[in-house]
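Each chain gets a letter, A, B and so on, in the order its sequence line appears, and its residues count up from 1. Just so it is clear, the values below take in all heavy atoms, side chains as well, and ignore hydrogens, waters and symmetry mates.
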Amino acid sequence: MSGMGRVLLKVIILGDSGVGKTSLMNQYVNKRFSNQYKATIGADFLTKEVMVDDRLVTMQLWDTAGQERFQSLGVAFYRGADCCVLVYDVNSAKSFETLDSWRDEFLIQASPHDPENFPFVVLGNKIDVEENKRQVTQKRAMTWCQSKGNIPYFETSAKEAINVEQAFQTVAKNALQQEQEESLSDIPVVDLNPPSNKSLSDSCNC
Amino acid sequence: MNSKKARRQYLNSIHNTIDRDWTPFRAVEKRFKARFPPLDLSDVLDLALVDDSSTPSSPKGCINNLAYRKLQSDVSAYTLVDRHQGLVILPGFISPALQRGLIKWTLSEHARPPNDTNLDTHYIIPEEGLWSLYQQERSGKSSEMVQPRIIGSEDEILREQPGPRQLINNTPASPETFQEISVAPKPPVAPSTTAQPALPSTLVPKLRWANIGWSYHWGSKQYDFAKGKGTIDPTLANICHRAVQAVDWSQIYSDDDGLDWGENGPEWRSWRDSYEPDAGIVNFYQLRDTLMAHVDRSEVCATSPLVSISLGHAAIFLIGDSTRDTKPDAILLRSGDVVIMSGPVCRRAYHGVPRIIEDSLPPHLVEGDDEWKEYMSTTRINVNVRQVFPKGFRFEAVRSSSFGGLSTLSSDSMVEIKRTPEPSSPTSVEDAKHRLVYTKSKVYVNPTAYARDNVPGFIAIVKREAVNPTYLLAWLPEQLVNEKGAAEWDKFTKIEESTILEEEDEDVVFIDPPTQRPESYAFSVPLTSIYSLIVHPPTLSSWYGSVGINLINGDTLPTLHFHDDESRSFTLPSPPAPKRRSAVTSYPPPPSASPPATSPHPNNSWGGDHLLARLRSYAHILRSTLQPSLFLVDPSRADIEAHSTQLFADDAVDDILAQSSFVNSHSPIPAHRRPRPLSSPGIGLSPNPYSHRSSVLHRSLASPTSNAQSSSQARTALLQSFSNITRATRHAAQNILSHPLAKPIIPHLPDPVRSLVNANGEWSSWVDKSGVGEFESARVYLARWARIVAEEGERARRREAQTLPSTSAGVAEESSSLGVFELLHSTANLPTPKASRDPQHPIDEKTWASWFGKDGRPTVSFEHAKREIFRRGIDSSATLRQRIWPFILGVLDWESTDAERTAKWEAKRQIYQTTKDEWCGVPEVFERQDIQEERHRIDVDCRRTDRNQPLFATPDSTPSHDGPEWDEKERAKRYSVISPGLSDIGAQSPTNEHIDRLAGILLTYNFYEKELGYVQGMSDMCAPIYVVMAADEELTFWCFVEFMDRMKQNFLRDQSGMKKQLLTLQQLIEVMDPELYRHLEKTDGLNLFFCFRWVLIAFKREFPFEDVLRLWEVLWTDYYSNGFVLFVALAVLESHRDVILRYLVEFDEILKYCNELSMTIELDSTLAQAEVLFLSFSQIVADIDRRHAENLQAVAPTNNLRRRGSRGGTDIALNIPPLSENLRDLLKAGRE
């Protein structure tokens, strides 16, 4: 309740085309699943209000085209992100193997202040498909996540609404933390620009 | 910080109504800060222009915007007449040589240990200082890195914990508050944990401030006296003394000017002797830095002169008065100028620096080869020096040694203040007088859920008398007041009954200082420490209203419950009779369970309302529109922005209905308020609401009355109806805004409106899409709703028009086919273009057949055919499209016979088969890694493209795909020709034969056009062709090839094509609708990403399938322009421009809005608009060219200059915009 306005958390969802980014987002926000989603062209977002640690925050979930060719457009959308969700399809090894490049690409484009500690969350989607189709084991995924600085990992099904709520709750939590840390971390460059530090302005003179 | 917040700052300025959130000060700041339009100094006072002895370098301001007065002085000194009393400007006070010396001093001697700088928190700055290191680095002597500070284990406890940044609301310093301030903990800011070792050259531009004298604690915005006082450089002190002494202060102040100088009286008389600077800050501004409006109020000396020296680049200095609600004056400050702010008025005035002016260095800072030359080329330095303590105010700090002198938190860090005795008795916090200005009895604190535990008490507003009085909000339990005796009790009851305002001094009541007594729930907090109030008025279920108090530090005080039925101020007749004052007061008080009064307060207000009303006298109280029970106390700008959306009256709903001409039998609107039919006599033209607008679109609407007689009745009616639409839109929006958060609006809508939006299905569709329970930006929400209402209004009008008698048929025709866009034209002199489209009469079999001779050779020109297709479209009932599309796309030659075409087609078929054979049935190619990846990309997309088309919907004959007995092999054989196999593509929707053939076509295209590769969006472009070509692979392929030839640029790897397209569209908007352009500029929207999908795949996703076909064949004719799609995009934007301008102020809002236009756009009117826009555009281009030519002529020394001068409308000729190549290319039509 202290001196803060409404918090808007910007979350970017990335991953190969067809892994279920749009489905996950819609399952989380609208609680529904459809087989009829089309490939995302350009970018779109949904918003959802969510309670994090007794605080009401608004999450803005950005869904972008999955083809790498369109990533050069990403900059405009990545900027100011508070958390990045990496999605792969547990039934596609390739979609898992590209997580590395998605992560790198994001860090390059979004250039967060503290890339080492920027919050990611990894979602292995489509676990509703029969087990024998599965290509990426949980262990393999978790090992990767660990190696990247303990990225939280969830196995989800947008279709069956498995783990989706939990995953995005974590996203929200980490994003909020990031938003708050980011507010502090720009102090090294104490900037006289008004958007960044209203609190410093009351003391100096022209 | 991040772009979100920055973008929020973009809340626009001039053209939009949403700027109501800005204070006048903020608006002016914004104006100067904006990089567009170019900086305008025409109302910036530039005193250097007054002295004719000096010729100031550019830029130049003006000298006639403000009345100034030259002071009698040895130096050039000015003050403003009747404004900012105490402000003195000494232009050029610092000589060029001294400026250079000061610059050197600030950098090399001052901004280094032991003086604090902003960098010290995060970096260990060596003893010799950053500047010295920088010089060594520059000379190549050393490349030593500056090391980040590492958090020491000991320090850690003392540092501020990371957490959300809090807005600092510093208590104004005064002798009374000094002790409180000086002992408050001022933990050092936590150093960045992410800072990396850095070269001095990278850190120098990040230098922002360096302290002078008393150490300033930026976290609390108070001086940290425990850190002791640094020395003031004697040269600097000398400059300040000279500046203050150069002014004859009696020319500024007089004894009878009524200023409140505080207890020491008019101290200006003694400034010559008493002025002694003891603190200051050097600010280093880079060119884009700004300093927000602020007041310096941390100094105990609240009135003594503050001397500010400008060095380097010039700046705009704004100064207002004690609030941000006054428009500030702008003053240009150049290198060497000195500003003195002094006295009770000026020292408490808001001021700031919104702009550092580029290229404004004076010659003496550009010439020469000083070590700071490069640095100063992007810098302004401001040295400002203050007096924290009055002379004679002595101060000793007992400093702790246990933490190396750094700590201020340790328990033995104490501060003792001594004052030399003076005749006027000093006041301290203890003996300050506390005046009760407001109180209310029977305000309860409920410690438990049991009523028996409730504690009755008084809420009170108490003024602590001082030069700068402090207002306290206190709650005292009756018990506590009781203990103090009858006299004290009487004071409370007296004030409660009193209606006298505090300002009237006759009945002053002083009380004992209220104290914080947590054990009895008593509290007393300064209003400045309150962040917000949560106010719940009484309701049926909760008899007593309550007020919760949240402090800035995050604490919440006990919730107060207003038992108005017991409270004197409510039970007494209103207004209270003063004579009964003493008589009615009983002491001791009766038990709290006194019988409830029989007469409730006359109006519906309650105790909390009264408290709020009183608080408003002492603080800015803002009711949040996000959460109506939340009231913010002295909110920050950010909070104001977040919490205020202007409220409008609820009766706006009536207005919408009245204006949108939606009438039906169950309308709740009184008959006299219902709209009259357009044709009804006596309807006058209302004043044109667009006369102030600048857009091409609206210019034509200006004052149509002049030729109203001659123009058709229809035109008049149309204008009228147009103004109605937009007015309806506006009111719709206002109505939505009147409901907090916009979310709960649906139940509030009157039935007619609800049925209205439900009737056409749009309401439910978008509610469905976005999830009704979820937060949407209120602006997006209302923008959408405004659109729906406007559209419904438009439809209703058409229905109405159609039912008009036949004599008015012209009206119906005109308005139904084109809407308002018919009225568009570029400038007053140009004729209004008309759309030529006639989609009601598409080309049918008969027409088509009539175009061909016996041998199949066309009898009409290709040009004619294309025009007809552009105008009318193609009848969709038969297989006509299948036959016509190959012609317009260029697969088949127009000028040829059947036989010739058959031969050529055979060749093309061959090419297709050959190309397909490159992969089909060639495992070594098909299974190659890169091809596999390509197959994967294609397959994944084809499986989710147009699955609602019968061809692509999975046929019933397909066995259930999720059955356990599903034969993998069989499936692979039948459906996985392209699919790289389930293992690689992951789980996807099932495919079918047609999907697979579609994928095959796309893969073959990959081999035909080798550079491009498959790119998302191509499946969207190919699928409709496949459907129209009735699953004919070869025809589909070649049509797709031709389509791609037009679209290829969109899919280039580096996105250069899309960038070019969007840039062209941007330039088009700039020419056709400058207002929209400026709005997009302000909202960070000029990248036009919200048009990305439209342009990339030619609106495939924006229209229903059938409309896409109709749109594409129009585009393919290239009839007007090869880039006609951009005019379609412009047409869509233009139809929504009012909504965008009015409501959408952030990039993401516009994106959301545009994405959700999908499937709501009406194709034919949009195409008509696009055509009119194109024709207007070409007229404008022709006009520009003509004017250019005339200008060239005028340059030649001929005698037709005068003739030109006498022509009307030369204002445009004076400023002919250059036309980009991209825009010129839009005039090209037809392909080779």
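- At a 4.5 Å heavy-atom cutoff, the contact between A:Gln67 and chain B is made by backbone and side-chain atoms alike.
- With a 4.5 Å cut-off on non-hydrogen atoms, B:Gln1055 touches chain A through its side chain but not through its backbone.
- At a threshold of 4.5 Å between non-hydrogen side-chain atoms, the residues A:Ile41 and B:Leu1096 count as touching.
- Remark: A:Phe168 engages A:Tyr28 in a ring pair (Phe, Tyr, Trp, His ring centres under 6.0 Å) (not counting sequence neighbours).
- For A:Phe120, the ring pair (Phe, Tyr, Trp, His ring centres under 6.0 Å) partners at least two apart in sequence or on another chain are A:Phe106, A:Phe118.
- Of the two parts of B:Leu318, neither the backbone nor the side chain holds a non-hydrogen atom closer than 4.5 Å to a non-hydrogen atom of chain A.
- When each of B:Asp941, B:Val1015, B:Asn948 is checked for heavy-atom pairs under 4.5 Å with chain A, B:Val1015 comes out on top.
- Between A:Glu155 and A:Lys126 there is no salt bridge, since no side-chain nitrogen of the basic residue lies less than 4.0 Å from a carboxylate oxygen of the acidic one.
- Both the backbone and the side chain of B:Arg1093 come within contact range of chain A, each with at least one heavy atom under 4.5 Å from a heavy atom of that chain.
- Both tests do not hold together for B:Arg208 against B:Phe284: distance to the six-membered ring centre under 6.0 Å, angle to the ring axis within 45°.
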